[in-house]
Amino acid sequence: MMWLSRLAYGLGLLSTVTGTILQNGQVRETNYPDTRIDLAAGSYTTFANNACAISYLGRWDSKKVSWWAAPGIRFGFTGQTVAVTFGEHTIDGTLVGYRLSGLDWQFTNVTAGGTHLFISPETEGIDLTAPVSPNTFEMRVTNWGYGIQIDSVHVGEGDKIVKVAPQPRFVEFIGDSLSSGMYNSYEALSGFAYGVGQGLGNTEYSITAYPGICVADQDCWGNTRGQSHQWFYTTDNSWRSKELYGDEPEAWDFEKQQKADLVVINLGTNDANAANNVSSATYIEHYKRLIQGIHGVWPDAQVIVMQMWQGFYQDGNSYNQNTDFRNEVYSVYEYFNSEEYLNNPVIWDGITEEATETNEKAKPFVHFFNTTGILQHNDIAPQWHPTDVGQIKVASHLIQFITQKLGWHLYATGPEVFADTLYWNDQSGY
Ligand SMILES: *[C@@H]1O[C@H](CO)[C@@H](O)[C@H](O)[C@H]1NC(C)=O
Ligand SMILES: *[C@@H]1O[C@H](CO)[C@@H](O)[C@H](O)[C@H]1NC(C)=O
Ligand SMILES: *[C@@H]1O[C@H](CO)[C@@H](O)[C@H](O)[C@H]1NC(C)=O
């Protein structure tokens, strides 16, 4: 079963995007507003991209360029205006989602070097002053491969931006195309990782996921390194990263992010693909390195390893599911719960590529999420990825698993998580 076509990787070579969403082969009507403005024509108070009131969500490099899936920014502001100027390393036409306080996601595409007006006195709800006060602005990149660069942000003349307090919980997702929402309507913003992070409520999250990537540190569908290495770096290893950093990406400074309470890993679908030639032993070894690395960075974090849900096939007059590397993922879970590991934990440093034994005993911290039975054959789209509905099913079950395993409560109180999923029957009888 091929999960990521070469075509999809090839798309990454374009630096201007087309802005068309195809839905079941039809062009989806979008009518996103054109938000580009001429900055010189108005008067604003401007803040540089390093203003401490701006929270950078997910991974951003020292040039304030975004990487991986669903990276974003958030800040509070006074007044009724928010505009952002994008730097030259922005992929022209990148679709971003943005929202005012607890109101619904809006979408627009942004331009390299352009200034875009996201909030203005005409924005619906701008005159409402509670319960979120001051208003907040949040913007996230929808596509896993395109990126934006923040040059500066602007508010009304005499107005200011305000730091929003961090959320009390943090979840880190590490994955591939499945976690990055490839082939979903709003890509990362339609994926299960986003759905869990956002859907838990009172939770901050980061989605370190990129299509085609293996956990094994080798070339998989053009990703030159695997997650057991790349997770320790700021950038994914896309053409965009190669263009800016060659083979010397910036190491990720974990101090720049909130300490994770929970790490969710979904990796192996690409390792299991015969085209990438990853042996079962290599898969297990590198998966262990990744978890040993996480344990080194955040010794108190809980880790959930997900059983992959491989594709379905028709089996006579019914359907069945492929089970590649299922036993291997489970064996990783068993290893981290064994006396052998807990009595003598090993820490992996992804930068120096060295394993160190620690003398401190560890408490069990790795959990196994059995995904069998969540998806059915029609939850997988023709491009071998879950449909929007499939992603929502995985997110819902995973949220429930987290509440049960970790005793976490759900705090989302109503603000939209998934955009454009409101479809229903509006007549009571046909
Ligand atoms: C988004 O970008 C594309 C390509 O630049 C353009 O054709 C499309 O109309 C854009 N605008 C909106 C608002 O969707
Ligand atoms: C796959 O891996 C095996 C063992 O490492 C090696 O002998 C073989 O040449 C590889 N095949 C390809 C197509 O790379
Ligand atoms: C996962 O769940 C399925 C269905 O309940 C079960 O058959 C299977 O044994 C479970 N796998 C593990 C590793 O517990």
Side-chain angles (χ1 to χ4, degrees), residues 1 3 171-179 191-193 195-196 199-200 209 214-216 227-228 262-274 278-292 294-295 301-342 345 362-380 384-387 389-408:
M1 168 115 302
W3 279 78
V171 185
E172 168 86 14
F173 295 89
I174 308 176
D176 52 27
S177 56
L178 302 169
S179 308
F192 78 85
V196 170
L200 282 164
C214 285
V215 71
Q227 285 284 34
S228 59
L262 170 64
V263 180
V264 177
I265 309 173
N266 188 306
L267 283 169
T269 305
N270 296 301
D271 300 78
N273 192 306
V278 177
S279 70
S280 171
T282 303
Y283 173 70
I284 292 170
E285 185 191 332
H286 289 230
Y287 207 129
K288 286 180 182 172
R289 283 184 190 169
L290 176 62
I291 297 179
Q292 291 163 351
I294 293 163
H295 198 50
Q302 300 295 301
V303 174
I304 292 175
V305 301
M306 292 178 70
Q307 172 191 278
M308 285 93 66
W309 59 90
Q310 304 288 357
F312 294 82
Y313 56 93
Q314 189 165 355
D315 180 14
N317 60 4
S318 188
Y319 291 87
N320 223 323
Q321 191 173 20
N322 291 308
T323 58
D324 303 348
F325 278 179
R326 189 161 286 189
N327 298 334
E328 284 82 349
V329 188
Y330 194 73
S331 77
V332 169
Y333 155 76
E334 286 183 313
Y335 166 76
F336 282 98
N337 284 279
S338 66
E339 293 300 311
E340 178 201 344
Y341 183 80
L342 294 172
K363 291 203 195 84
F365 64 98
V366 177
H367 312 271
F368 177 74
F369 178 46
N370 188 341
T371 58
T372 305
I374 296 173
L375 297 179
Q376 311 306 332
H377 88 91
N378 65 324
D379 293 318
I380 304 288
W384 304 294
H385 287 71
T387 60
V389 169
Q391 291 280 15
I392 293 171
K393 287 170 76 174
V394 174
S396 306
H397 281 261
L398 184 48
I399 283 178
Q400 195 66 8
F401 181 81
I402 291 169
T403 62
Q404 289 173 356
K405 274 286 167 192
L406 310 185
W408 283 21

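For ligands, and for the atoms within them, numbers begin at 1 and follow the listed sequence. Positions are given from 1, in the same order as the sequence printed here. All values below were derived from every heavy atom in this structure, side-chain atoms included, with hydrogens, water molecules and symmetry-related copies excluded.
Annotation: side chain of His286 is not in contact with side chain of Val278 (no heavy-atom distance under 4.5 Å). Within the 4.5 Å cutoff, the side chain of Val171 has no heavy atoms near those of the Val196 side chain. Counting only heavy atoms from C-beta outward, the side chains of Ile294 and Ile174 approach each other to under 4.5 Å. Taking the side chain as every heavy atom from C-beta outward, Val329 and Tyr283 approach each other to under 4.5 Å.
You'll find the ring centres of Phe369 and Phe401 inside the 6.0 Å limit.
Of the N or O atoms in Asn370, one or more lie within a sub-3.5 Å distance of an N or O in ligand 3.
In this structure, atom 14 (O) of ligand 3 has protein heavy atoms in its sub-4.0 angstrom surroundings. Distances from atom 11 (N) of ligand 3 to the protein include at least one heavy-atom value under 4.0 Å. There is a protein heavy atom closer than 4.0 angstrom to atom 2 (O) of ligand 3.
Counting the atoms of ligand 3 from 1 in the order shown, those under 4.0 Å from a heavy atom of Phe368 are 13 (C).
The protein heavy-atom contact nearest to atom 4 (C) of ligand 3 is Thr372 CG2, 3.8 Å.
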